[in-house]
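Remarks on the structure that follows.
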Number of protein chains: 2
Amino acid sequence: MDAVTPPTPRGRTSTKRAAIADALAGFDDFRSAQDVHEAMRRNDQRVGLATVYRTLQAMSDAGELDAMRSESGEVTYRLCSETHHHHLVCRVCGKAVEVRGPAVERWAEAVAAEHGFREVSHLVEVFGVCGDH
Amino acid sequence: MDAVTPPTPRGRTSTKRAAIADALAGFDDFRSAQDVHEAMRRNDQRVGLATVYRTLQAMSDAGELDAMRSESGEVTYRLCSETHHHHLVCRVCGKAVEVRGPAVERWAEAVAAEHGFREVSHLVEVFGVCGDH
DNA sequence: TTTCATGCAAACCATTTGCAAAGTC
DNA sequence: GACTTTGCAAATGGTTTGCATGAAA
């Protein structure tokens, strides 16, 4: 069930891509390519690690996934909603909550404009320890 | 105890440490360990890459440096001011401007509290293309 | 002379890439 | 069949570490 795969980003229909999307759908927080790969293995799905990396990256480029770097520097992904948002991530369990911050968006734009910067993008992540820990 | 290191971050007086700090002082934007190492080489300073990594890391831990990850994932450092702030980084030349954002701080705290998160920290970086490009 | 700092090279680790085999259209 | 996707293994590239040596206290 390709729960999350609009028209294929590009290229042809891929079985693996769907499997990877599904695997990621099984999580509700950010996971690294390695995590996804291991989860699939455990589920008896045979996939190459390189394929997971390639696919996750492609899906991210296609806007299907939300990507961010964990505090340790690895790239982690998660299915994302369509709207722009940021994350509140638990540094113990990885649980991530999507948060909206119109104030932050405006602030970023304003600050950038003030210094003559164009093509502005911003990275905002809030880390903390969630209530379960 | 002495959470905030007095004179030398730890260990004894080091010549290299001073040299590395100087090299970093020559920049006013974020640089990677490799950048610093290369700059020193070019200046006929003989230093091991590992030492640069170790020192930069130690200085960062000691609070003398401000560290952040570039968009490509490398860790970059810069001498930092004492006050909490964020950065507006040019993705073309690396130029970084320190920006203050009380609104953002408050927003982060509020959002975290709202979801029951403790020990909150946040990562906010604004990227763009500066006026020189 | 005991301890910490440094260099060098090897080790690590996440990620990428080359290329031949397998899958799609 | 023509072309794309996958797997595997080898190659990268940033960063860390083990160990012997040199410099401070």
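Naming: A, B, ... by sequence-line order, numbering from 1 per chain. Given the structure is predicted, the values throughout are model-derived calculations rather than measurements. These numbers come from the heavy atoms of this one structure, side chains and all, not from hydrogens, waters or symmetry mates.
Rounded to an integer number of Å, the gap from Arg41(B) CZ to dT6(C) P is 15 Å. Atom OH of Tyr77(B) and atom C1' of dG14(D) are 11 Å apart (whole Å). Taking atom CD of Gln57(B) as the reference point, atom C1' of dG14(D) lies 12 Å away to the nearest angstrom. Put simply, CG on Leu49(B) is 12 Å from C1' on dA9(C), counting in whole angstrom units. Rounded to whole angstrom, the span from the CZ atom of Arg17(B) across to the P atom of dG7(C) amounts to 13 Å. Rounding to whole angstrom units, CZ of residue Arg69(B) and P of dT15(C) are separated by 10 Å. If you take CD1 of Ile20(A) and C1' of dT6(D), they are 10 Å apart, rounded to a whole angstrom. A straight line from CG of Leu56(A) to P of dT5(D) spans 16 Å, rounded to a whole angstrom.
In this structure, Thr15(A) reaches the dT24(C) phosphate: one of its side-chain N or O atoms is under 4.0 Å from OP1 or OP2. OP1 or OP2 of dC13(C) has not a single side-chain nitrogen or oxygen of Gln34(A) nearer than 4.0 Å. Not one side-chain nitrogen or oxygen of Lys16(B) sits closer than 4.0 Å to the OP1 or OP2 atom of dA23(D). Applying the 4.0 Å criterion to OP1 and OP2 of dT15(C), one finds that Tyr53(A) has a side-chain N or O inside that range.
Across all strands shown, Arg46(A) has heavy atoms under 4.0 Å from sugar-phosphate atoms exclusively, and none from any base.
Mapping Gly73(A) and Thr51(B) onto DNA chain C by nearest heavy atom places Thr51(B) closer to the 5' end of the strand.
Comparing atom distances between the Glu74(B) side chain and each of dT15(D), dT17(D), dT17(C) picks out dT15(D) as nearest. In the set dC8(D), dG7(C), dT16(D), the nucleotide with an atom closest to the side chain of Val47(B) is dG7(C). The listed nucleotides are dT15(D), dC8(C), dA9(D); the one nearest the side chain of Arg54(B) is dC8(C).
Within 6.0 Å of CZ on Arg118(B) lie more than 12 heavy atoms contributed by other residues, nucleotides or ligands.
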List the steps, then state whether side chain to side chain donor-acceptor pair (under 3.5 Å) holds for Gln34(B) with Ser32(B).
CA-CA 5 Å; Gln34(B) 313 247 10; Ser32(B) 67; over 6 Å; no
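Taking all atoms of both residues into account, the shortest heavy-atom contact from Val36(A) to Ala23(A) is CG1-CB, 4.1 Å. Shortest non-hydrogen contact noted between Trp107(B) and Arg100(A) is NE1-O, 3.5 Å.
Note on ring orientation: taking the six-membered ring where Trp is involved, the planes of His86(A) and His122(A) are tilted (angle from 30° to 60°).
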